[in-house]
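Have a look at the structure below before the remarks.
Starting from 1, each residue takes its place in the sequence as its number.
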Amino acid sequence: MNYSLAIVITISSLFYTELNAQPYQLTARWGEEIKANRRTTLNDIIGSDETGFYAIRTKASMFLDFTFTLEHYGNDLRPINSVELELTTNGRQRTGEFALFANNEIYIFSSYADPQTRINDLYVQQVSKKTLQATPPVSIAKIDFNGQKRRNDGAFEFRQSRDKSKLLIYSKLPFEKNEPEKFELLVLDKEMKPLWQKQITIPYRDQLFDLESMRISNDGEVHLLGLVYKDKRTEIRKGEANYSYELLSYYDKGTREERTPLSLAGKFITDMQIGILDNKDIVCAGFYSETGTLTIKGTYFLKLDAKTRTVITNTSKEFELDFITQNLTEREARKVGRRAENDKDIELFQFQLDQLVVDNTGGVFMIGEQYFIKRRITTIRNPTTGAVTTRNDFLYYYNDIITIRINASGEILWSQKIPKRQLSTNDGGASSSYTFGVRNGQLLFMYNDSPENINYNGKGPVARAELNPNYGIVMLCSVSGSGEVKRQPVFGTKEVSVLIRPKVCEQISSNEFVLFGQRGKKQQFAILNIKD
């Protein structure tokens, strides 16, 4: 790629004199400043090719509608083209659902719930990469919500196969009170042509079934992981889990259905994700607890035979004390140690399972993050009038990342905790969390951090990131296949004057990430190059 017009920052010189101590050579190449309306922001980087990369930008209007703009940036990070997508039907705005970069083409999906016909249509449009002009919308899925309220007009979700050759569209159909749950599956090929479609009714009343995750194999088989509540929608009842997991699988173009209950004896399954191996075996892994649904005590791994759907591997492992006490103060660690000595439960709090990464050996990496929201109510009394007002603030906490390695035999090899503390208020955590990638068998994580953590040695608590463009760094953390963790700073936010938004940054090759930073009206892209 040619970056001759970009601003180049060699990262190591900003922070380190011991250059040889760093695992990677990092170079960030920054593009020109983009002056955008404050109400616009980057929604997603959808793909890249030899000419550059493509992004979706959204803008909220005063009527709370959103416009969608497709943008093309060159390898020099300069904008090539920008087109606001015309998402209207009968003069009314359609809802942008998602965008895909498939078969080296761009596809835009949008929906429109017609109040007259009471049909919710999902449309697809192919976009020219040269002009960014879209073909006329074509309806590919319909949800009939006749007789239902407007808010009960259904919903669409999607998932691509691992090789990107198949696309699954899941349509959640409107429900009648106390009636069985209904949904529809549509499988498309890489050119967005339908391969098979099937409407399905499952014997669970409305609101008693939640779709947790879905996968489609490279040959078009569909697997849905569902959370089934026993009698009412509550997680715990009489001290026991009031839900169970069930795997629904559809073979032979949807003509054959298999249902498999999944459980761990005596344990709360708090999270589960599924993956499909190259031999079509299905793996299920996640966290478990022995006390409830807000904490986790360990991890588990299940493998189902592709033909018989019987569980051929079932393992679990409790987190070790050293792992739980990582990144705690000495006082907190001693408290946890005393609880362990007294045989009291010690579990991690509010960790969510984000990803299950299947490797080419049949093993998996599990990735989770501590995430929770707090509501803070402040009461203010006017000293003159005595009038009392209240203010509601929402605090978003994104803390440690955990990674777990499980081999093809189900052996849980290691667990690692990546130290991170992030707190923001009333922003939805826009600059929190992390960007994830894979390079040469290593997991890569990038996130906003505090400069005080540059030389953190793994002992004691880490400093909280201020998430401030004037004081902060972007940290890169790598985790090897053997569980070795290495951290190094990428750059300081003060040097670039923007704050990275990790959730919309994207890996575009084994060695490159597109980064997006924002500060008020100022917005900027960068290409981060990683070399050994």
Side-chain angles (χ1 to χ4, degrees), residues 11-12 14-18 21-24 287 294-299 318-342 344-352 354 366-372 374 395-405 414-425 429 431-434 443-468 471-480 482-494 500 502:
I11 285 78
S12 301
L14 294 177
F15 302 102
Y16 280 91
T17 57
E18 300 178 22
Q22 301 313 300
Y24 296 118
F287 304 132
L294 297 179
T295 59
I296 58 175
K297 189 170 186 176
T299 189
E318 184 177 323
F319 293 132
E320 296 179 355
L321 181 61
D322 288 346
F323 174 74
I324 292 178
T325 57
Q326 270 185 280
N327 313 331
L328 299 182
T329 65
E330 291 185 9
R331 182 179 178 182
E332 291 170 334
R334 286 196 301 269
K335 184 177 179 180
V336 172
R338 287 194 297 269
R339 289 184 61 86
E341 290 173 358
N342 294 325
K344 293 184 178 180
D345 291 312
I346 51 171
E347 301 194 2
L348 295 173
F349 174 72
Q350 292 283 33
F351 275 85
Q352 316 292 327
D354 293 339
M366 291 171 51
I367 301 167
E369 183 180 31
Q370 188 183 53
Y371 162 68
F372 55 94
K374 288 185 178 180
L395 283 67
Y396 295 85
Y397 293 83
Y398 287 81
N399 295 330
D400 292 341
I401 303 168
I402 57 177
T403 62
I404 297 157
R405 172 63 172 153
W414 50 259
S415 301
Q416 284 289 2
K417 192 184 290 185
I418 298 170
K420 179 169 69 70
R421 293 288 185 275
Q422 296 169 329
L423 170 62
S424 61
T425 305
S431 299
S432 296
S433 199
Y434 60 90
L443 308 182
L444 299 180
F445 302 88
M446 265 188 292
Y447 51 90
N448 288 308
D449 205 351
S450 168
E452 298 174 36
N453 296 324
I454 288 177
N455 296 311
Y456 179 72
N457 61 6
K459 297 180 180 179
V462 296
R464 175 165 285 144
E466 297 292 335
L467 301 181
N468 185 322
Y471 183 78
I473 60 170
V474 172
M475 187 71 78
L476 173 67
C477 180
S478 63
V479 184
S480 71
S482 61
E484 183 182 11
V485 177
K486 294 183 179 180
R487 301 163 60 252
Q488 69 182 104
V490 181
F491 49 75
T493 56
K494 186 176 182 179
I500 297 301

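When side chains are defined from C-beta on, Val485 does not count as touching Phe445, because their heavy atoms never get closer than 4.5 Å. By the 4.5 Å heavy-atom criterion applied to side chains, Asn399 and Phe351 are not counted as neighbours. Side-chain contact between Asn448 and Val474: present, with at least one pair of heavy atoms (C-beta onward) separated by less than 4.5 Å. Ile418 places none of its side-chain heavy atoms less than 4.5 Å from the side chain of Tyr434. Looking at heavy atoms from C-beta onward, Leu467 lies in side-chain contact with Ser432 at the 4.5 angstrom threshold. Annotation: side chain of Glu484 is not in contact with side chain of Trp414 (no heavy-atom distance under 4.5 Å).
Nearest heavy atoms, Ser431 versus Gln422: O-NE2, 4.4 Å. Nearest heavy-atom pair across Tyr456 and Lys459 is CE1-O, 3.3 Å. Closest approach of Tyr396 and Gly429 over heavy atoms only: CG-N, 3.8 Å. Residue Met446 comes nearest to Pro502 through the heavy atom pair O-CB, 4.1 Å, listed as atom of the first residue, atom of the second, then distance. A pairwise comparison of heavy atoms in Ala463 and Glu452 identifies CB-OE1, 3.6 Å as the closest pair. A pairwise comparison of heavy atoms in Met475 and Asn453 identifies CE-O, 3.9 Å as the closest pair.
When atom types are taken as modelled, the side chain of Gln326 and the backbone of Gly458 share no donor-acceptor pair closer than 3.5 angstrom. Judged by distance alone, with hydrogens and angles left aside, the side-chain atoms of Glu466 form no donor-acceptor pair with the main-chain N or O of Gly472 at under 3.5 Å. A donor-acceptor pair under 3.5 Å is formed between the side chain of Thr493 and the backbone N or O of Asn468. A donor-acceptor pair under 3.5 Å is absent between the side-chain atoms of Arg487 and the main chain of Pro419, judged by distance alone.
The CG atom of Asp449 lies 5.0 Å from the CD1 atom of Ile473; values are rounded to the nearest 0.5 Å. Of the inter-residue distances, the one linking Phe287 atom CZ with Leu348 atom CG reads 8.5 Å to the nearest 0.5 angstrom. Taking CD1 of Ile346 as the reference point, atom CD of Glu318 lies at 7.0 Å (rounded to 0.5 Å). Rounding to the nearest 0.5 Å gives a distance of 5.5 Å between NZ of Lys417 and CG of Asn327. Atom NZ of Lys420 is separated from atom CD1 of Ile401 by 5.0 Å, given to the nearest 0.5 angstrom. Put simply, CG on Asp354 and CD1 on Ile367 are 7.5 Å apart, with the number rounded to the nearest 0.5 Å.
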- request: Any chance you could lay out the side-chain contact (heavy atoms from CB on, under 4.5 Å) test for Phe349 and Gln370, step after step, and finish with the verdict?
  value: CA-CA 7 Å; Phe349 174 72; Gln370 188 183 53; 4.3 Å; yes
Pair Gln350-Ile296, side-chain contact (heavy atoms from CB on, under 4.5 Å): steps then yes or no: CA-CA 8 Å; Gln350 292 283 33; Ile296 58 175; over 6 Å; no
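By the neighbour-count criterion of 12 heavy atoms within 6.0 Å, atom CD of Glu330 is sparsely surrounded, having that number or fewer from other residues, nucleotides or ligands.
Using bins of under 30°, 30° to 60° and over 60° for the plane-to-plane angle, the ring pair Tyr398/Tyr371 lands in the tilted bin.
Donor-acceptor pairing under 3.5 Å is lacking for the side chains of Ser415 and Glu320.
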